[in-house]
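Letters A, B, ... mirror the listed sequences (proteins, then strands); counts begin at 1.
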Amino acid sequence: MSLVATRFAPSPTGPLHIGGVRTALFNWLFSKNKKGKFYLRIEDTDKERSQDEYKDQIIQSLRWIGIQHDEKEYIQSKNINKHKEIAEELLKKSFAYKCYCSEEEINEQKAKAKKAGIPFTYNRKWRDPKDLEIPKNIKPVVRFKSKISGNSIVNDLVQGEINISNSTIEDFIVLRNDGSPTYQLSAVVDDHLMNISHVIRGDDHKINTFKQKQIYEAMKWKLPEFAHIPLIHSTSGKKLSKRDNASTLVDYIKIGILPDALRNYLLRLGWSYKDKEIFTLEESIQLFNLSGIGKSPSKLDMDRILSINEHYIKNIDEKKLYEMLKVYSEKYKKKIDNKYEKNLINSIYFLKNKAKKLEDIYENAQYILNDNIQISSEDIKLLDEPSKIILKDFLNEYEKVSKKNKNNLEKIIKKLIDKHKTNFKGIGQPLRIALTGSKFGPAIYDILLSLDKNEVVKRLKIIK
RNA sequence: GGUCCCAUCGUCUAACGGUUAGGACAGGUGGUUUUCAAUCACCCAAUCGGGGUUCGAUUCCCCGUGGGACCGCCA
């Protein structure tokens, strides 16, 4: 069996789309499963819209989620001369022809077709130019001579057999009037040159396959296998658009989704393996296959993403989780001050239990990360006179404690419960408000142990 | 409009002719708990409609309905 090689071929015209991430993931998993290669090809032949910064961003994004491409990334624009050569060859072998229709002429035809309510297809005017005079002022485009009759079949590894009437494929352009190659040509030439064995891409490319197949056949090149994966839809069921605010990878990174969690979620979106929900990286490589991919589009579900993320937050190594939080905070929130680092590290074990995303940990840790805590006017009312007396008593006992540990703290609280004829809540509630500024939060002992002694004293003394 | 594709709980999906149609997320109820969570137990919830084929259809075929993709000198 020949080597499996897949590629991810985004155009660097914007931040990486979440659907693109999944396409990349599937390509990567498939090739790794087959012990093959995975390449990254930047399709930057649209000079107007392509930007270098996006190229770098794409590479970084893939790296973030754990996808590493083999070799150096291919830059499509660097291969343009080769694409042109192939176009010349197609021309020479009369698989293609020059079309001298002006843009105006084509637009006119389009308008006419629209008016008549029929679909526009180029009328193949220059396919047989024997009675036509070549206009001098028009630079021609090169069109591929598509098959006119019969049917074409593609055996798609996901979609199954797709049968299409050749008459519906127009004579598509392979070279623009400035001599530059179009996507249909460039993609085929590059895939061939890169020895791509499996083209795994979005459903939206399905019809292109029938154009591209004809180029392969004309050049007598070996056709790769095709697998068109269903698109991801927004919650509303429409194609995911940039306006959906959860359409690009960074949208997820900035709320604190973990790479493994997103990888796991994306893997299970449109693909399944029995009843299994959680896949380690190794498992996903081992178990991934094309036959597990469903045929219908799937909707993005933030609840599920959060739920998987929560799972990873709870199960990941705490040191790693802290490192991620640190990077996350600096990039999207506020850099964690060195002086709080130790207390934060020691608190991760309980902070992570209340979090679905890094953002939650960050927010719940605010009482550790700020010396000046704010108590809302609502909560300050809960600190009534009896509560304040309890707090004062607690402070007295607390200051006497030589060693800050749970055991000693328990003793104090028990003593106060007896003395004030109250329950744990009667002491815990005011303490929590005084120390964190909120009536919701971590367990009392956790809070007490997560702050330095002088800080606890300071916060309690403020309450008058 | 034309071409192509798709259709199981609200969502992601399992069941590749025989299951009380399973799991997960979300939702609900209760237990546990110093708050909020978390956690545990239980519950609710689906085969788009109509015809066939078959002893038997979620599964195969046809029609309808619904949804989607494509129809650029973008990729």
Under-3.5 Å donor-acceptor pair between R432(A) side chain and U34(B) base: yes

Euclidean distance for C1', C42(B) against U32(B) (whole angstrom): 15 Å

Spacing between N309(A) atom CG and A24(B) atom P, to the nearest angstrom: 20 Å

Interatomic distance at C1', A45(B) relative to G52(B), whole Å: 31 Å

Base partner of A26(B), which must satisfy Watson-Crick or wobble distances under 3.5 Å: none

Distance-only polar pair, side chains of T209(A) and H228(A), donor-acceptor under 3.5 Å: yes

Sugar-phosphate only, base, or nothing, as touched by N177(A) at under 4.0 Å among non-hydrogen atoms: base

Rounded distance in Å between the P positions of C61(B) and C5(B): 12 Å

Touch class at under 4.0 angstrom, heavy-atom based, for I164(A) against every strand present: sugar-phosphate

Touch class at under 4.0 angstrom, heavy-atom based, for K354(A) against every strand present: base

Span that lies between the P atom of C62(B) and that of U20(B), in whole angstrom: 30 Å

Opposite nucleotide pairing with C55(B), Watson-Crick or G-U, both atom distances under 3.5 Å: G18(B)

Nearest-nucleotide pick for D303(A), side chain only, options being C12(B), C73(B), C25(B): C25(B)

Sugar-phosphate, base or nothing in reach of T121(A), heavy atoms under 4.0 Å: nothing

Separation between the C1' atoms of G28(B) and G10(B), rounded to whole Å: 14 Å

Integer-rounded Å distance: U3(B) C1' and N208(A) CG: 13 Å

Nearest-Å distance for atom pair NZ/C1', residues K211(A) and U3(B): 12 Å

Pi-cation contact, Y74(A) with R7(A) (under 6.0 Å, within 45°): no

Out of U35(B), C12(B), A24(B), whichever nucleotide has its closest atom nearest the side chain of L269(A): C12(B)

Contact nearer the 5' end of RNA chain B, comparing L300(A) with Y273(A): L300(A)

Sugar-phosphate only, base, or nothing, as touched by E48(A) at under 4.0 Å among non-hydrogen atoms: nothing

Euclidean distance, atom NZ of residue K295(A) to atom P of A69(B) [Å, nearest integer]: 19 Å

Residue-phosphate contact under 4.0 Å: S296(A) side-chain N/O, A7(B) OP1/OP2: no

Base-pairing assignment for C71(B) (Watson-Crick or G-U wobble, both under 3.5 Å): G1(B)

I229(A) CD1 to C5(B) P, straight-line distance once rounded to whole Å: 18 Å

Sugar-phosphate, base or nothing in reach of H228(A), heavy atoms under 4.0 Å: nothing

Touch class at under 4.0 angstrom, heavy-atom based, for K314(A) against every strand present: sugar-phosphate

Donor-acceptor pair (no angle test) under 3.5 Å: D301(A) side chain, C12(B) base: no

K425(A) side chain, from C-beta outward: closest of C5(B), C25(B), U35(B): U35(B)

Donor-acceptor pair under 3.5 Å, K206(A) side chain vs C4(B) base: no

Residue K356(A), side-chain atoms from C-beta onward, closest of C73(B), A38(B), A75(B): A38(B)

Phosphate OP1/OP2 of C73(B): any S180(A) side-chain N/O under 4.0 Å: no

Assigned partner base of A46(B), Watson-Crick or wobble definition, under 3.5 Å: none

Proximal nucleotide (of A69(B), U34(B), A14(B)) relative to the Y445(A) side chain: U34(B)

P gap between G31(B) and G17(B), integer Å: 47 Å

Residues H83(A), D190(A); criterion side-chain hydrogen bond (donor to acceptor under 3.5 Å, both in side chains); working and verdict: CA-CA 8 Å; H83(A) 307 158; D190(A) 285 349; 2.8 Å; yes

Span that lies between the P atom of A14(B) and that of U8(B), in whole angstrom: 10 Å

Atom-pair distance (NE2 on H233(A); P on G66(B)), nearest Å: 17 Å

Sole residue of I67(A), L40(A), V21(A) in side-chain contact (heavy atoms from CB on, under 4.5 Å) with F8(A): L40(A)

Value rounded to 0.5 Å, distance of CZ in R304(A) from CG in L269(A): 9.5 Å

Sugar-phosphate only, base, or nothing, as touched by G270(A) at under 4.0 Å among non-hydrogen atoms: sugar-phosphate

Residue S11(A), side-chain atoms from C-beta onward, closest of A69(B), A75(B), G23(B): A75(B)

Donor-acceptor side-chain pairing of S146(A) and Q214(A) below 3.5 angstrom: yes

Length of the CG-P vector between L306(A) and A38(B), whole Å: 11 Å

C4(B) OP1/OP2 closer than 4.0 Å to side-chain N/O of T168(A): no

Touch class at under 4.0 angstrom, heavy-atom based, for P230(A) against every strand present: nothing

Parallel, tilted or perpendicular: ring planes of W221(A) versus H192(A), cut at 30 and 60 degrees: parallel

Touch class at under 4.0 angstrom, heavy-atom based, for A187(A) against every strand present: nothing

Base-pairing assignment for G66(B) (Watson-Crick or G-U wobble, both under 3.5 Å): C6(B)

Beyond-backbone contact of K354(A) with D360(A), side-chain heavy atoms, under 4.5 angstrom: no

U58(B) versus G22(B) - spacing of their C1' atoms, nearest Å: 13 Å

Nearest-nucleotide 5' precedence on RNA chain B, P297(A) against E43(A): P297(A)

Sugar-phosphate, base or nothing in reach of Q159(A), heavy atoms under 4.0 Å: sugar-phosphate

Touch class at under 4.0 angstrom, heavy-atom based, for N163(A) against every strand present: sugar-phosphate

Spacing of L431(A) atom CG relative to C36(B) atom P, expressed in whole Å: 17 Å

Modelled atom types, side-chain donor and acceptor of T436(A) and S438(A), under 3.5 Å: no

